[in-house]
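To keep things clear, I will list the structure first and then write my remarks on it.
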Amino acid sequence: MYQELQKRFEQHLRGVLAAKYDLQLDSIPLEIPPDLKFGELATPIAFELARKLRKAPRIIAQEIVAALAGLEGFAGFEVAGAGYINARLERAEAVRSTAGSISHPSDKSKDVVRVGHPVHSLVEHTSINPNKAAHIGHLRNAILGDTFVRLLRAAGQKVDVQNYIDNTGVQVADVVVGFLHLEQSGVPGVSAEEQHTLAGIKKLMAYLAKEVDKNPSNRENQFDYYCWYLYARVNNWYLALDVIEQDQALVAKCKQIRLDVLHQIEAGNNEFAEIAELVSTAVLQRHLDTMLRLDIEYDFLPRESEILHLKFWEAAFEKLKQKGVLYYENEGKNKGCWVMTRPGAEIAEGDLNEDAKVIVRSNGTVTYVGKDIAYHLWKFGLLGKDFGYKPFFTYPKHECWISAEQGVEAHPQFGGAQAIYNVIDARQSDPQANVIQALRGMGYTDQANRYTHFSYEMVALTPRCAVELGYEVSEEDLKRPYIEVSGRKGFGVKADDLIDKLIAATRAEVDARQTGGAEAEAARPRIAEQIAIGALRYFMLKFTRNSVIAFDFKDALSFEGETGPYIQYAVVRARNIFRKAGTTPEAELAAFAELAGIHAYLEGDAAEDIWALWLRAARRTLVLEQCIATSEPAHLAKHAFQLAQEFNNFYHKHHILTEEDPARKTFLLATAAVALRELVLALSWLGIESPEAM
RNA sequence: GCGCCCGUAGCUCAGCUGGAUAGAGCGACUGGCUACGAACCAGUAGGUCGGGAGUUCGACUCUCUCCGGGCGCACCA
């Protein structure tokens, strides 16, 4: 609603500027005044025009205001300060329009953001190496990505959600090395030799699965947890720390073992590759389970093994050579390689560019960036090749597909998107820039412009948190503001552990409060879960993307103040009003539509807070559009919190059920209904459920 | 050495394309439950927006520089 009025005002203002001064401006600055006493909409345009028109800003503002008069939806315009133009809305009209605004995003008839024609977007997120359990850093990635998907869909876009699986990389190879060379957990009936074979590993997995069945609350037997520790052990082994310290020959031998395993996995069709496939698929399955706890689902899982075996790179290589993006280096340190110029590099014609990015090594193998270029050509439908597809995992409402060399006949279409978003942490901005540069170099300018590296900073641990968890922390690290999580060292907070902790904490809270009364005991586990997930998702979304999160259990386990549960609690309060009143929001909004003379409730000092609540509720689409334009979900998180805050304030000041004037009571109920509707909608876009009680 | 990010209240963070008296949460201190459930509300204290210069009618926001912190700059992924 607000956005509509904003656009209407802007149009009108443009008309006035054209008629009066013969001016065509490409952008009109609009802002939300800092205080309602300045109106609801403002522009400092007169300051900008002062020089051009050689007049004082205040004079210009007065002239414009005189010409603005009489715009539908607006009560009036005035000049304030040194030359601000403030607009006042027709409050009753605005409130009516907001009350009648859609309640479901699938209804595209009215208030949904529509920027140009509907875009087909592809969002890649999560993309955890399938060799260990997910940790809090991965949670930030997945929650940001999933939330952004929800925002794009709310705006009417068709979105494919992809989770890229690097199942043939060094990280998977490292765990395979661990299985092949390090001692495994003793499984009855598996000999010392057998434990290092495919058969032995299968027995170990079956054994672990049985242990998990016996006691699901002990996550240490989960396969991803097992790999978490094994991966850390392997890295120690490479450093030869737990074998023979300082033995260089042994270290070299370890490195060679690792390289051999990696090459065999990449090549495929051998026992090592089979082990890698088994291990990575099992860990991937665990990642999907973990993410599902947070209500995060995927449409497609493209794997590196298929990018290799289906020769995506070979196809891309030809195109890159044709377009001259890659060139063969004849001298210098990159002699014998195919390289590309880095973005922003300025190299004089004929000069040797030693800083160029190597895409094909002198031994003929392709680097990570090369494979990524091929994959991104596919994303935009520019490669001329496609994956095979197999169903992999069935969610309650849809199927998740995985890449395959030979897929099934019938499958959905993936790839060929118009816009892509890659949720990848800020440390990878260089390789991402290289891929964009390659697309641009090939002449795919539109695609390069619609390629968004949705970057975010890491989640680190506060030193206090690290100590709490029992890690050894050096003197030096203790002085730092935060310590980086490291999968290699097994240093970090595992996602499932954190979620378990959160659920336990919310469960204790729910029990202590006797949520829902004595008869509602059966609903409490589910409610505790909803609150825990709400707390976690909000925690990851309240920070803007480029701020490092220094993780601490104290903050993450907080349910008060600017948190998810605070917003959920506002929802529950609103619902309780309707429950106690024996009515529904829909019924009250219908009654409200018939109510006359509502302007009386919106004027005067006492009504300012109620009007402010309506006004914020009306800003839904403005916030949505801003989030998409800036790739920043934190704006919506803030919006939801402020809305909850204003509702709580309203709730406290105006006791609805004891209101004696029936017309005013209807008005107050309608206010609560709109706040409730907007809170539930905003939370759903954040991927947070609204519990019935708490 | 080069590139990117950060530095705002005791702590953790917001601050839309430069715009009106710089905001929130936590923590501290006051006060408010026989109430639509206090996971709440009201109030108080607390800031030379890292330092300096510049652009501008106007700078937390843009430019330069310095200081402090983080992360990248492989024929690793």
Side-chain angles (χ1 to χ4, degrees), chain A residues 27 29-35 38 42-44 47-48 50-51 56-57 80-84 86 129 166 168-173 262 304 333-339 342 344 355 357-363 365-369 371-372 425-431 433 455 457-458 460 480-482 484 506 509-510 513-515 531 535 542-544 546-550 552 554-555 558-563 565-566 568-570 572-581 622-623 626 629-630 632 634-635 637-638 641-642 645 648-649 651-658 672 693-694:
Chain A
S27 77
L30 294 175
E31 49 182 272
I32 298 171
D35 195 302
F38 297 123
T43 176
F47 296 109
E48 229 169 84
R51 168 167 301 191
Y84 285 94
N86 295 330
N129 275 300
D166 183 5
T168 55
V170 281
Q171 293 216 23
V172 167
L262 176 63
E304 188 172 72
K333 73 178 173 102
N334 295 332
K335 186 177 176 185
C337 299
W338 286 87
V339 301
R342 288 178 198 271
D355 184 47
K357 174 70 195 164
V358 172
I359 302 299
V360 181
R361 303 181 188 105
S362 54
N363 67 5
T365 58
V366 58
T367 61
Y368 162 71
V369 172
K371 283 179 270 192
D372 222 23
D425 77 86
R427 288 171 291 193
Q428 297 205 49
S429 55
D430 277 2
S455 77
E457 277 294 344
M458 62 181 169
R480 293 165 174 268
Y482 49 81
E484 190 176 351
T506 49
E509 200 71 20
V510 161
R513 287 159 197 275
Q514 301 262 303
T515 294
I531 298 169
K542 69 192 275 196
F543 302 94
T544 49
N546 51 13
S547 127
V548 176
I549 298 181
D552 200 309
K554 181 175 77 65
D555 298 330
S558 161
F559 310 131
E560 289 167 12
E562 194 182 346
T563 64
Y566 175 93
Q568 290 173 315
Y569 187 61
V572 168
R573 282 177 138 184
R575 284 185 172 154
N576 282 344
I577 295 172
F578 290 96
R579 191 171 294 133
K580 289 262 164 103
L622 189 71
V623 173
Q626 187 194 0
T630 57
E632 185 54 89
H635 294 137
K638 187 67 90 182
F641 171 65
Q642 286 172 334
Q645 213 171 25
N648 273 332
N649 179 294
Y651 176 92
H652 192 257
K653 269 192 195 163
H654 309 278
H655 202 269
I656 299 175
L657 294 185
T658 54
M694 64 188 279

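Rounded to an integer number of Å, the gap from Q645(A) CD to A39(B) C1' is 14 Å. As a whole-Å value, the separation of K638(A) NZ from G25(B) C1' is 8 Å. One atom, CD1 of I359(A), and another, C1' of A77(B), lie 13 Å apart when rounded to the nearest Å. Rounded to whole Å, atom C1' of A38(B) lies 6 Å from atom OH of Y569(A). Following rounding to the nearest Å, Y651(A) (OH) and C33(B) (P) show an atom-to-atom distance of 16 Å. Rounded to an integer number of Å, the gap from L262(A) CG to A77(B) P is 7 Å. Distance CD (Q514(A)) to P (G37(B)): 15 Å, rounded to an integer number of Å. Summarising the geometry, the separation between CE on M694(A) and P on G37(B) is reported as 13 Å, rounded to the nearest angstrom.
To the nearest whole angstrom, the two C1' atoms, one in G18(B) and one in C26(B), are 31 Å apart. G15(B) and U21(B) are spaced 15 Å apart, taking the C1' atom of each and rounding to whole Å. To the nearest whole angstrom, the two P atoms, one in G25(B) and one in G43(B), are 11 Å apart. Distance noted for atom C1' between U17(B) and U61(B): 11 Å (whole Å). Distance noted for atom C1' between A9(B) and G47(B): 5 Å (whole Å). Comparing the same atom, C1', in A24(B) and in G70(B) gives a spacing of 25 Å after rounding to whole Å. Nucleotides C71(B) and G54(B), compared at atom P, are 35 Å apart to the nearest Å. G46(B) and A14(B) are spaced 25 Å apart, taking the P atom of each and rounding to whole Å.
Within the 4.0 angstrom heavy-atom criterion, only backbone atoms of the sugar-phosphate kind lie near Y566(A); the bases stay farther away. Heavy atoms of E484(A) sit under 4.0 angstrom from primed sugar atoms or phosphate atoms, though from no base atom. The residue V172(A) sits apart from the nucleic acid: no heavy atom pair falls under 4.0 Å. Within 4.0 Å (heavy atoms only), K333(A) reaches at least one base atom of the nucleic acid. Using a 4.0 Å heavy-atom criterion, one finds that T515(A) contacts the bases of the nucleic acid, with or without backbone contacts as well. When heavy atoms are screened at a 4.0 angstrom cut-off, R342(A) is found touching the sugar-phosphate backbone but no base atom.
A close approach under 4.0 Å does not occur between any side-chain nitrogen or oxygen of N129(A) and OP1 or OP2 of A77(B). At G70(B), one or more side-chain N or O atoms of R480(A) fall inside 4.0 Å of OP1 or OP2 (strictly under the cut-off). Between N576(A) and G37(B) there is a side-chain polar atom (N or O) within less than 4.0 angstrom of OP1 or OP2. Residue N334(A) places at least one side-chain N or O under 4.0 Å from the OP1 or OP2 atom of C75(B).
Looking only at atom types and distance, the side chain of R579(A) has a donor-acceptor partner in the side chain of N576(A) under 3.5 Å away.
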Counting primed atoms, P, OP1 and OP2 as sugar-phosphate and everything else as base, the B/S/- map of nucleotides 15-21 of chain B against protein heavy atoms under 4.0 Å is SSB-BBB
With sugar-phosphate taken as primed atoms, P, OP1 and OP2 and all else as base, the protein-contact string of nucleotides 1-11 of chain B at under 4.0 Å (heavy atoms; B, S, -) is ----SS-----
Evaluate D425(A) against R427(A) for salt bridge (charged side-chain N to carboxylate O under 4.0 Å, His left out), listing each step before the verdict.
CA-CA 6 Å; D425(A) 77 86; R427(A) 288 171 291 193; 2.8 Å; yes
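Pair assignment for A28(B): U44(B), on the basis of Watson-Crick or G-U wobble contacts that are both within less than 3.5 Å. In this structure, G54(B) and C62(B) make a Watson-Crick or G-U wobble pair, each of the two defining distances being under 3.5 angstrom. Within the shown strands, C2(B) is the pairing partner of G72(B) under the Watson-Crick or G-U definition, both distances less than 3.5 Å. Pairing for G7(B) is with C67(B), a Watson-Crick or G-U wobble pair whose two hydrogen-bonding atom distances lie under 3.5 Å. Shown here, G23(B) forms a base pair with C13(B); the pair counts as Watson-Crick or G-U wobble because both key distances fall under 3.5 Å.
The shortest side-chain heavy-atom distance between F559(A) and M694(A) does not fall under the 4.5 Å cut-off. Contact of the M458(A) side chain with the V548(A) side chain is registered, since non-hydrogen atoms from C-beta on lie closer than 4.5 Å. For the pair E562(A) and K638(A), the minimum side-chain heavy-atom distance is below 4.5 Å.
Of all nucleotides listed (A39(B), G70(B), C75(B)), C75(B) comes nearest to the side chain of V358(A). Checking C36(B), C26(B), C75(B) against every side-chain atom of T367(A), the shortest atom distance belongs to C75(B). Minimum atom distance to the side chain of N648(A) is reached by C40(B), of the listed A24(B), C40(B), G69(B). With C40(B), U12(B), A39(B) as the candidates, the nucleotide lying closest to the side chain of E509(A) is A39(B). In this structure, of C41(B), A77(B), A39(B), it is C41(B) that holds the atom nearest to the side chain of H652(A). Considering only side-chain atoms of E562(A), the nucleotide from A39(B), G25(B), A77(B) that sits closest is G25(B).
Between K371(A) and S558(A), the residue whose closest nucleotide on RNA chain B is further toward the 5' end is S558(A).
Scanning for side-chain contact (heavy atoms from CB on, under 4.5 Å) contacts around N649(A) gives D609(A), K653(A), with sequence neighbours left out. Under the side-chain contact (heavy atoms from CB on, under 4.5 Å) criterion, Q626(A) pairs with H635(A), sequence neighbours left out. Residues that satisfy the salt bridge (charged side-chain N to carboxylate O under 4.0 Å, His left out) test with D166(A), not counting sequence neighbours, are absent from this structure. Scanning for salt bridge (charged side-chain N to carboxylate O under 4.0 Å, His left out) contacts around E48(A) gives an empty result, with sequence neighbours left out.
Note: F641(A) and Y566(A) have tilted aromatic rings, judged against thresholds of 30 and 60 degrees for the angle between ring planes.
Atom-to-atom distance recorded for K333(A):NZ and S362(A):OG is 12.0 Å, nearest 0.5 angstrom. Taking CG from N129(A) and CD from E304(A), the interatomic distance works out to 9.5 Å, rounded to the nearest 0.5 Å.
The backbone N or O of A634(A) sits nowhere less than 3.5 Å from a side-chain atom of T544(A) that would complete a donor-acceptor pair.
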